[in-house]
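Convention: sequence-line order gives letters A, B, ...; per-chain numbering from 1.
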Amino acid sequence: MRIGCPVCGDRDAHEFTYQGDGSRTTPPLDADQDQWFAHVYERTNPMGRHTECWLHTGGCRAVLIVERDTVTHEIFSVRLAGAQAAIHDEEAGQ
Amino acid sequence: MALRTSRAGAWVRCGSVGEACSSPDHANGNGGVIRTASIFLMFLRKILYYHHICELWIIVVRGGDEALILTDRYSVLSLLGEALRGNRGWKRAWRAAEPKPQYDVVIVGGGGHGLATAYYLAREHGLHRVAVVERGWIGGGNVGRNTTIVRSNYLLPENSRFYEKGMTLWEQLSRDLNFNVMFSQRGTLNLAHTPGQMDGYARRGNAMRLEGIDAELLGREEVRKMVPDMDYSDQARFPIAGGLLQPRAGTARHDAVAWGFARAADRLGVDIIENCEVTGFIRSGERITGVETTRGRIHAGKVGVAVAGSTSEVMRRAGIERLPIESHVLQAFVSEPLKPLIDTVITFGAGHLYISQSDKGGLVFGGDIDGYNSWAQRGNMPVHEDVISSAVTLFPNLARVRLLRNWGGIMDMSMDGSPIITPGPLPGMYLNSGWCYGGFKATPASGWCFAWTIARDAPHDLNAAFTLDRFAKGRVLDEKGVGPAPELH
Ligand SMILES: Cc1cc2nc3c(=O)[nH]c(=O)nc-3n(C[C@H](O)[C@H](O)[C@H](O)COP(=O)(O)OP(=O)(O)OC[C@H]3O[C@@H](n4cnc5c(N)ncnc54)[C@H](O)[C@@H]3O)c2cc1C
Ligand SMILES: [Zn+2]
């Protein structure tokens with residue numbers, strides 16, 4: 001499996017660390033128990049298209065949001081996560 | 001010399017020995033050959049005759065009815081009898097059952113756990129109108145893909161008690177099922193490489209002993225005596241400090257476990273329906289009252305789901321979108337057959353590797369899951385490298401051994417590494433899941449507890465802690481104390 005890092009290019013899966021379901025968003029600190037429970041423990045775990053986080057440990061160390069098929073491992077899209085994405089876009093714009 | 005050659009010639013030329021033969025050898029008046037041949041023939045006929053008597057004996061003893069002539073029970077006698085009648089009389093291990101419209105209980109998933117559940121439902125709870133509905137074939141799931149390790153060396157009492165129940169069932173299983181599951185109590189040895197790990201294992205061993213489970217803490221020299229072929233040199237990357245041994249642990253033949261439970265359940269009246277995928281659930285209000293399958297609708301008083309790695313997708317068909325479970329692929333590896341090298345099960349303490357040797361001589365080993373959600377029953381190369389390098393680190397003499405086979409299975413990784421055996425989450429439904437790396441060893445205990453839970457609508461003491469709501473209530477069973485992650489044992 002290879003992941004196309006927006007910063008480093010196409011790299012072997014060896015270089016990355018999986019960080020789980022990337023479709024979840026952290027609830028606010030004062031959110032109720034149910035919301036926190038759902039965030040920490042519950043997963044949709046689909047067979048097919050899955051949005052997930054990968055850390056480019058052996059490369060730029062950016063967190064990537066990857067859309068991948070969990071059956072064929074086909075990768076549909078890769079982008080930088082959150083704040084990093086903003087910085088990257090800014091630099092790219094300069 | 002002359003006689004030998006001409007005899008050989010006679011054998012070759014005469015298709016049917018002892019019959020009138022115009023072979024020049026015989027015509028040359030080689031009477032010795034003919035005599036030897038006919039003595040042999042007589043002997044052959046005697047054997048054939050005996051064979052008929054045996055067949056007759058079987059027919060008489062079994063009542064003469066065509067259907068009953070088939071040999072059902074496995075024993076030394078039936079083995080001998082069948083050997084003599086050309087193994088033509090063995091009864092099918094289980095019927096190819098057609099789905100009936102209605103059952104008391106339908107179990108979704110014909111893996112080890114589903115089959116064991118059906119068996120114990122019939123045997124312990126007198127429920128005989130039970131069906132096991134399997135998408136593929138019996139033995140095609142994880143039950144036929146695992147590295148066959150059976151142990152009960154846990155730290156938390158809830159887990160120890162459950163797995164120890166399993167151990168006692170394993171110890172009887174071949175006899176109970178009348179099927180040799182080749183349960184081999186060759187011991188499991190967890191290696192320690194640091195003083196800290198030795199302390200950890202002392203703690204675990206003590207916890208096990210407090211539960212009445214066998215555990216022995218071994219020093220380096222005792223380990224060396226037991227498994228002399230590991231790296232004990234000064235250059236060893238991870239020097240072996242000692243290990244924790246559970247002598248009653250070991251391995252069992254995984255296919256035999258699936259077949260044995262299937263056959264024993266079938267004999268108790270359970271219908272095992274293969275090539276039948278559950279595509280949806282029949283509901284009346286909130287209540288689950290049956291399953292929709294590729295072979296039609298099947299109504300049921302109760303529906304138990306035991307589909308291991310497929311849990312999330314099957315439960316989605318009942319409207320349950322989120323569970324504390326992720327599906328991950330775990331790979332297994334088998335080497336070319338070798339002479340006896342490892343007569344126990346060894347786990348590496350400085351990486352993730354478990355290794356044993358099958359009766360055929362192949363080294364059977366595995367390590368980590370691939371680490372990302374996967375529904376593909378095949379894995380990727382990083383784990384090959386990791387597992388194989390761990391094996392060679394521990395056993396340098398394996399460096400030139402060739403790998404024969406490798407495969408993967410989809411596992412139901414729970415968020416605390418412990419299983420779920422529970423009524424619900426919907427009325428009429430029961431869930432068995434979350435087996436992570438280690439559900440094979442749980443097979444009998446899981447079936448036993450799940451059957452109890454289904455039959456009595458409440459968990460047994462042994463699985464009372466394995467609820468689905470423990471995550472929300474903060475009562476997780478986290479063996480390692482490392483927090484929520486779908487990658488634990
Ligand atoms: C490589 C590997 C090594 C392992 N090693 C060990 C080990 O050494 N020791 C140990 O204790 N455990 C081990 N395990 C774990 C163990 O094999 C599993 O936890 C256990 O087998 C799961 O239970 P099961 O046998 O019922 O699963 P399975 O055999 O997977 O049964 C589930 C069944 O459900 C069926 N199913 C799925 N969806 C549907 C549907 N919609 N309709 C009908 N049927 C459906 C599947 O076809 C499958 O047959 C290992 C697993 C793997 C993959
Ligand atoms: Zn990168």
Pick from A:P46, A:A13, A:G20, A:G48 with the largest number of heavy-atom pairs that fall under 4.5 Å of chain B: A:P46

Heavy atoms of other groups near B:R475 CZ, more than 12 under 6.0 Å: no

Region of A:Q19 in contact with chain B, defined by heavy-atom distances below 4.5 Å: neither

With side chains defined as the heavy atoms from C-beta onward, is the minimum distance between B:E385 and A:H14 less than 4.5 Å? yes

Taking the side chain as every heavy atom from C-beta outward, state whether B:L323 and A:Y41 have any pair of such atoms under 4.5 Å apart. no

I'd like to verify something: which residue of A:D34, A:D12, A:D69, A:T70 has the highest number of heavy-atom pairs under 4.5 Å with chain B? A:T70

Separation between OH of A:Y18 and CD of B:E487, rounded to the nearest 0.5 Å: 10.5 Å

What part of B:V476 gets closer than 4.5 Å to chain A, counting heavy atoms only: side chain, backbone, both or neither? side chain

If you measure from CZ on A:R24 to CZ on B:R322, what distance do you get to the nearest 0.5 Å? 8.5 Å

Work out which heavy atom in A:N45 is nearest to a heavy atom in B:S312; give both atom names and the distance. ND2-OG, 2.7 Å

Name, in order of residue number, those residues of residues 369-382 of chain B that have a heavy atom at a distance of less than 4.5 Å from a heavy atom in chain A; otherwise write 'none'. B:G371, B:Y372, B:N373, B:S374, B:W375, B:A376, B:R378, B:N380, B:P382

Please classify the contact of A:T17 with chain B as side chain, backbone, both or neither, using a heavy-atom distance under 4.5 Å. neither

Between B:E313 and A:M47, what is the shortest heavy-atom contact and its length? OE2-N, 2.7 Å

Taking every heavy atom of B:P484 against every heavy atom of A:V40, the minimum-distance pair comes out as CG-CG1, 3.4 Å

So if I take each residue of residues 50-58 of chain A and look for any heavy atom under 4.5 Å from a heavy atom in chain B, which residues do I end up with? A:H50, A:W54

